[in-house]
Structure formats: C-alpha cells, structure tokens
K.L.:
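Quick one: structure below, then a few questions.
Atoms within each ligand, like the ligands themselves, are counted from 1 in listed order. Heads up: numbering here begins at 1 and tracks the sequence.
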Amino acid sequence: MSALREPALPDGEFSTDPEVVAAHRLDRSGWLPEGTPAGVALARSVADVQAVLRHARATATPVVVRGAGTGLSGGAAATGGSIVLDLTRLNRITEISAEDQLAVAEPGVVTADLDRAAAAAGLRYAPDPASAAISTIGGNIATNAGGLRCAKYGVTRDSVLGLDVVLADGELISTGRRTVKGVAGYDLTSLFVGSEGTLGVIVSAVLKLRPRPAATATVAAYFDEVASAVRAVNDVVAAGLQPAVAELLDAATLAAIEEAEAAAGAGTGTEAAAGGGPVGHKPSAAGAFVLVQTDGPAAVAEAEQVFHLLARHATSVSAADTEAEAERLLAVRRRALPALERRGRVLIEDVAVPRSRLAEAVTEVQAISRRFAVPVFTMAHAADGNLHPIIVAEHGRELDEDVWAAADAIFGMALRLGGTLTGEHGVGVLKRRWLVDELGERNLALQRQLRSVFDPAGILNPGKAV
Ligand SMILES: Cc1cc2nc3c(=O)[nH]c(=O)nc-3n(C[C@H](O)[C@H](O)[C@H](O)COP(=O)(O)OP(=O)(O)OC[C@H]3O[C@@H](n4cnc5c(N)ncnc54)[C@H](O)[C@@H]3O)c2cc1C
C-alpha cells in the first residue's frame, strides 16, 4: 500500500510490516479468514480513530476493529484487504469516582486492570469473563461479554452507563449518562453494546462500579449425574439464594481433567489428580461437578444453606474454610479448558437455554457427541443456563463435516429448548449462518437495515455478526 493510500494518523502509526499484520489477523476462534489485511492502524487517540474511519470511507476500505483478539466467534479476525484498527494503545482509565460508583475507561484497558483500579477505591467492576486478564473493555462491550458472575451481577451491558463512539463517517458522538437513572431518547448505549464492531468504534466508556463484597464463601460438590447437579442448583435458586458463581462440569470434562493431571504427574491421590475437590471422591467416577460461590455480608450463612441444598442430591460436598481451600476447589473449573486443549483443536460453543431446560440440554449434548462420534465436553454457568459444549477435534482431525454437523445439532437443540445460539461470545462469523433460525427473516432484515443507518457504506466489519 503506498503512503498516499494509507490513513494519516496524527498520533499513532500505520503498519504494513508482515509480522505486525500476521499478529493481527486472527482471533481465538480458530477461524481462518481468506486473504491478508492491508495493514494495521495502531491508534493512540480518538483523532487517530477518526482519521482511519474517514480514510476507510473515502477509499471504501473495510475496517476490522480489534481489542485483544481473544474473541471466540471470529469477530476480530481480519478479512483480506481490510484495515485492522487496533485499540490496545488507547488504554487509560481516566476516572474512578467512589462517590458516583463509576469509572471512565478507554477501550484498550484490560478488564482485570479496571477491576484492580476499582479495588483501590473499595469498588468492583463486576463483569468477569474468564478472559478478564487478557481481554479489553472495548472488546467486552462490543461482544456484551458474560462470565462467571452473571447470574447475580448481569452481563457487560448491565455495567455500561454511557459511551463515546466514533461513527463510520468519523464523527464522534456520546450516548448514555453518568446518572443512576436516565431515559432520554432511544437507548443507543445498549445498541452499541454487543454490536461486534459493526455500528461504530467505542473510544470511551462510563462503567458502573459496585461495592466490593465484604466476604466470599465457596462450596463444591460431585453428583452421580448431570440431572441431579442441575436439580441441586435449581433448588439453590428456588430458595431465593443468589450465588455469585455456579459452575457445572460434566463427566467427560472431569475425566479429561483427571487424565491431564495424571499425564502431568501431579500427585498420586484422586484429590490431586483432579486438581482438588470434595474429600473422598473419585472425580472420574462422577457424573457432574458443581462449584458455588456466594458473596456479600451474608456469604458464609448463604454458603451453609447452599451446602445443605447441594447435599440432598450430591454424592459428596465440601465447603472451603480458607482461601487456599477455595482456590483448590476453583482450580477444578480453571483446569478444564487447558485439559481439553491438550487433546486437540477446540471449538468452544456458547449456547444458552432457560435454566429449567439445562439438564436436558447437557444430556442432549452428550447424545449428540455419541451420534456424530465427535468428543464434546460441557461446562456450564449453571445459574444462568449458559452452556459451553466444547467440541474437540483430536490431534490429526480437521474441523470436518461431522464436527460441523455436531455443532449444527447443538444449535438446533438450544433453539428447540427455547434458548439462543450465543449466550456471551457473539455471532461473529462462526454463528452467522444459523442466525436467521433464531431471529427469523423479518427481525434479521430489520437488524440489517439498522446496521446500514449507522454504516451506509458497509465498511465496519463486513461479513460479521448480522
Ligand atoms: C480463555 C478464554 C476465556 C474466555 N472466557 C470468556 C467468558 O467467560 N465470557 C465471555 O463472554 N467471553 C469469553 N471469552 C471470549 C473473549 O475473551 C470475549 O469475547 C472478549 O469480550 C473479547 O475481548 P477482546 O478485547 O479480545 O476483543 P476482540 O476479540 O479483539 O474483539 C471482539 C469483537 O469486538 C469488536 N471490538 C473490539 N473492540 C471494539 C471497540 N472498541 N469498538 C467496537 N468494536 C470493538 C471486534 O471487532 C470484534 O467483533 C474467552 C476467551 C478466551 C480466549
């Protein structure tokens, strides 16, 4: 690309260095886009973002906005000829207000860094995608990221009060508010949340902070079968308890964790083999594992109630009395993905169903795995019905027809049970062909019309999301 055809960035730089371009081509979905991007704009200011969009509009060049590239649906994967607009250098936290319980942050701020800054003021940024240490606030907003604490604290949208957005024509607008309430006009803030880089570029966000919980308590249990585990979590919810975290792992995932730990030679007992867990239980024999965390002033009392409710259905339950014990129980969940990744290429699905259908969904996923002879391992955010069936193409196997047939069956199952294709990862490219099944023709057509109002020239992330 000649200098004349490059955007002139007042503060940043534009790179066509093949190494820089290669480092910005993919996200974590495993999707391989065709072609090579034209270059990478490393924005350092709002003026840089505006310069890129004005240039893109004038030259009809597609723009792929990028945070940390940890997305799992192909949203930030760069299509051939596009400009990748990297926002990771726009990474200042410009305000933390303890009085108004809010933060103002640029999009490239790493999620965990924002939470750390909030902690210094006794506050917490509640959304906690498992990628918090590596993903950015801009990416979280653009995907409406979820995480472990959603059942109690909501998803990213519930923490976004206002946004500064550069539109496709380069103009900067502000949406939303800094107040607790505010209903002026249509809720454009919510529209930009989850828009996957298709409606505008988020360059600053006003984010809700909450008081940091005074205490946290952790309980974990093993069950003979998934249905009992789900029943137990439903009992917890029905008792009016609101756990901050309720994670479920199925039998296949437990076995994979145990196998990975054994291969790593970590310890000899079954406790060590599974990376921790309720005492006296052999994880590989269990049908499901559930981890529940309560938080707030009543955390310990609530955890006691949770313990008794889980015990009605479980084969073993244990409560963590110390932070080290809580960490040992949490490690079971944390080790699941690495244990699967060592088996081959993973395709992480993200369907959600009404909580009442969760047991059915997990059981159906297991049947789909058998039907297509494709290994599928399920982890779920049990209190909000969001399942991650993880399809593993074991070493030497491609993402072949059977893998996609299994994915198709999983999406069909989620919709049939009254659920959705994606609870938190977004549509990106990977789920685009199923979107009409969920939205219907008219709804999808309206969404495309809406998109063209914001981006009539179609330069923002073409071929993605809607
Ligand atoms: C190990 C691991 C664990 C994960 N756990 C979770 C989880 O628990 N919950 C969850 O929801 N997700 C999870 N994810 C997925 C991913 O981390 C999230 O989707 C995250 O929000 C993406 O942030 P990012 O900064 O990497 O964005 P990117 O991947 O760079 O971009 C994602 C999308 O947002 C758009 N975008 C990025 N920044 C902007 C901006 N400033 N303005 C407009 N559009 C923008 C991009 O164009 C793209 O469409 C996980 C991923 C990994 C690898």
K.L.:
Can you list the ligand 1 atoms lying under 4.0 Å from a non-hydrogen atom of Leu87?
P.N.:
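Per the distance check, 40 (C), 41 (N).
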
K.L.:
Under a 4.5 Å cut-off applied to non-hydrogen side-chain atoms, are Glu349 and Val376 in contact?
P.N.:
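Of all side-chain heavy-atom pairs linking Val376 with Glu349, none is under 4.5 Å.
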
K.L.:
Can you tell me the protein heavy atom closest to atom 45 (C) of ligand 1 and the distance?
P.N.:
Ala142 CB, 3.3 Å

K.L.:
Below 4.5 Å, heavy atoms only, C-beta onward: do Leu199 and Leu460 meet side chain to side chain?
P.N.:
no

K.L.:
Out of all atoms in ligand 1, which are within 4.0 Å of some heavy atom of Asn461? Include the element for each.
P.N.:
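Taking each heavy atom of Asn461 in turn, ligand 1 has 47 (O), 49 (O) under 4.0 Å.
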
K.L.:
How close does the nearest protein non-hydrogen atom get to atom 29 (O) of ligand 1, and which residue and atom is it?
P.N.:
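Heavy-atom neighbour on the protein nearest atom 29 (O) of ligand 1: Gly71 N, 2.8 Å.
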
K.L.:
Could you check whether any side-chain heavy atom of Arg333 comes within less than 4.5 Å of a side-chain heavy atom of Met379, counting everything from C-beta outward?
P.N.:
yes

K.L.:
Which of these passes side-chain contact (heavy atoms from CB on, under 4.5 Å) with Arg149: Asp384, Val155, Asp128?
P.N.:
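The option that passes is Asp128.
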
K.L.:
Let me see the working for Arg178 and Glu95 under salt bridge (Lys or Arg N to Asp or Glu O under 4.0 Å), right down to the final yes or no.
P.N.:
CA-CA 12 Å; Arg178 289 173 59 98; Glu95 183 182 347; 2.8 Å; yes

K.L.:
Find out whether Thr420 and Val351 are in side-chain contact, i.e. whether some heavy atom of one side chain is under 4.5 Å from a heavy atom of the other.
P.N.:
no

K.L.:
If I apply the N/O under 3.5 Å rule, does Ser131 come out as touching ligand 1?
P.N.:
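Such a contact does occur with ligand 1.
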
K.L.:
Please evaluate residues Thr198 and Phe192 with respect to the criterion side-chain contact (heavy atoms from CB on, under 4.5 Å), reporting the C-alpha separation (whole Å), side-chain torsions for both, the decisive distance (0.1 Å), and the verdict.
P.N.:
CA-CA 9 Å; Thr198 64; Phe192 283 114; over 6 Å; no

K.L.:
Is there a side-chain contact (heavy atoms from CB on, under 4.5 Å) between Gln449 and Arg451 once you walk through the steps?
P.N.:
CA-CA 5 Å; Gln449 275 173 279; Arg451 179 175 182 166; over 6 Å; no

K.L.:
For Arg92, I'd like to know if atom CZ has over 12 heavy atoms of other residues, nucleotides or ligands within 6.0 Å.
P.N.:
no

K.L.:
Pick out which of Val166, Leu172, Ile202 makes a side-chain contact (heavy atoms from CB on, under 4.5 Å) with Val49.
P.N.:
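By the side-chain contact (heavy atoms from CB on, under 4.5 Å) criterion, Val49 pairs with just one of Val166, Leu172, Ile202: Val166.
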
K.L.:
Only heavy atoms of Val201, strictly under 4.0 Å: list the atoms of ligand 1 that pass.
P.N.:
42 (N)

K.L.:
Would you say the side-chain atoms of Thr111 and Asn140 include a donor-acceptor pair closer than 3.5 Å?
P.N.:
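A donor-acceptor contact under 3.5 Å links the two side chains.
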
K.L.:
For a salt bridge (charged side-chain N to carboxylate O under 4.0 Å, His left out) with Arg335, tell me which candidate from Glu258, Glu341, Glu261 qualifies.
P.N.:
Glu261

K.L.:
Using side-chain contact (heavy atoms from CB on, under 4.5 Å), reason through Leu191 and Leu450 one step at a time and then give a plain yes or no.
P.N.:
CA-CA 10 Å; Leu191 184 61; Leu450 198 57; 3.9 Å; yes

K.L.:
Answer side chain, backbone, both or neither: which part of Thr136 comes under 4.0 Å from ligand 1, heavy atoms only.
P.N.:
both

K.L.:
Can you check whether Asp128 has an N/O within less than 3.5 Å of an N/O in ligand 1?
P.N.:
no

K.L.:
Given Val427, Thr143, Leu199, which one has a non-hydrogen atom that is nearest to atom 32 (C) of ligand 1?
P.N.:
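Selected option, by shortest heavy-atom distance: Thr143.
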
K.L.:
Side chain, backbone, both or neither: which part of His425 has a heavy atom under 4.0 Å from ligand 1?
P.N.:
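Near ligand 1, His425 shows its side chain, while the N, CA, C and O stay back.
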
K.L.:
Just to check, does Leu72 reach to within less than 4.0 Å of ligand 1 when the distance is taken from its heavy atoms?
P.N.:
yes

K.L.:
Which of the numbered atoms in ligand 1 are below 4.0 angstrom from a heavy atom of Gly75?
P.N.:
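Listed by number with element: 47 (O), 48 (C), 49 (O).
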
K.L.:
For ligand 1, which is the ligand I care about here, please tell me if Ala68 has any N or O atom under 3.5 Å from one of the ligand's N or O atoms.
P.N.:
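Ala68 vs ligand 1: N/O contact under 3.5 Å present.
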
K.L.:
With atoms numbered from 1 as shown, which atoms in ligand 1 lie under 4.0 angstrom from a non-hydrogen atom of Ala145?
P.N.:
11 (O), 21 (O)

K.L.:
Going by the atom numbers of ligand 1, which of them fall below 4.0 Å from some non-hydrogen atom of Gly67?
P.N.:
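Ligand 1 atoms under the 4.0 Å threshold to Gly67: 25 (O), 28 (P), 30 (O), 37 (C), 38 (N).
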
K.L.:
Compute the minimum heavy-atom distance from Val64 to ligand 1 and say whether it is under 4.0 Å.
P.N.:
no

K.L.:
Check the pair Asp11, Leu9 against side-chain contact (heavy atoms from CB on, under 4.5 Å), reporting the backbone distance first and the verdict last.
P.N.:
CA-CA 6 Å; Asp11 305 306; Leu9 304 184; over 6 Å; no

K.L.:
Which residue supplies the protein heavy atom nearest to atom 47 (O) of ligand 1, what is that atom called, and how far is it?
P.N.:
Val65 O, 2.6 Å

K.L.:
Which residue supplies the protein heavy atom nearest to atom 27 (O) of ligand 1, what is that atom called, and how far is it?
P.N.:
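Looking only at protein heavy atoms, the one closest to atom 27 (O) of ligand 1 is Gly139 CA, 3.4 Å.
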
K.L.:
Tell me whether ligand 1 is touched by Ser195 - counting only heavy atoms on the residue side and a distance under 4.0 Å.
P.N.:
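No; Ser195 lies far enough from ligand 1 that no heavy-atom distance drops under 4.0 Å.
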
K.L.:
With sequence neighbours excluded, tell me which residues meet side chain to side chain contact (heavy atoms under 4.5 Å, CB included) with Leu330.
P.N.:
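Counting only residues at least two positions away or on another chain, Leu330 forms a side chain to side chain contact (heavy atoms under 4.5 Å, CB included) with Leu291, Gln293, Glu327, Arg334.
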
K.L.:
Determine whether the side chain, the backbone, both or neither of Val203 has a heavy atom under 4.0 Å from any heavy atom of ligand 1.
P.N.:
neither

K.L.:
Look only at interatomic distance and state if Asp27 has a nitrogen or oxygen under 3.5 Å from any nitrogen or oxygen of ligand 1.
P.N.:
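Between Asp27 and ligand 1, no N or O pair is found under 3.5 Å apart.
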
K.L.:
Under 4.0 Å from a heavy atom of Gly200: give me the atoms of ligand 1 that qualify, with their elements.
P.N.:
43 (C)

K.L.:
Should you measure from each heavy atom of Gly138, which atoms of ligand 1 turn up under 4.0 Å away?
P.N.:
38 (N), 39 (C), 41 (N)

K.L.:
Evaluate Leu337 for polar contact with ligand 1, using N/O atom pairs at a separation under 3.5 Å.
P.N.:
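No, no N or O pair falls under 3.5 Å.
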
K.L.:
Just heavy atoms, cut-off under 4.0 Å: does Ala130 contact ligand 1 by side chain, backbone, both, or neither?
P.N.:
both

K.L.:
Determine, considering heavy atoms only, which of His388, Glu424, Arg28, His24 sits nearest to atom 9 (N) of ligand 1.
P.N.:
Glu424

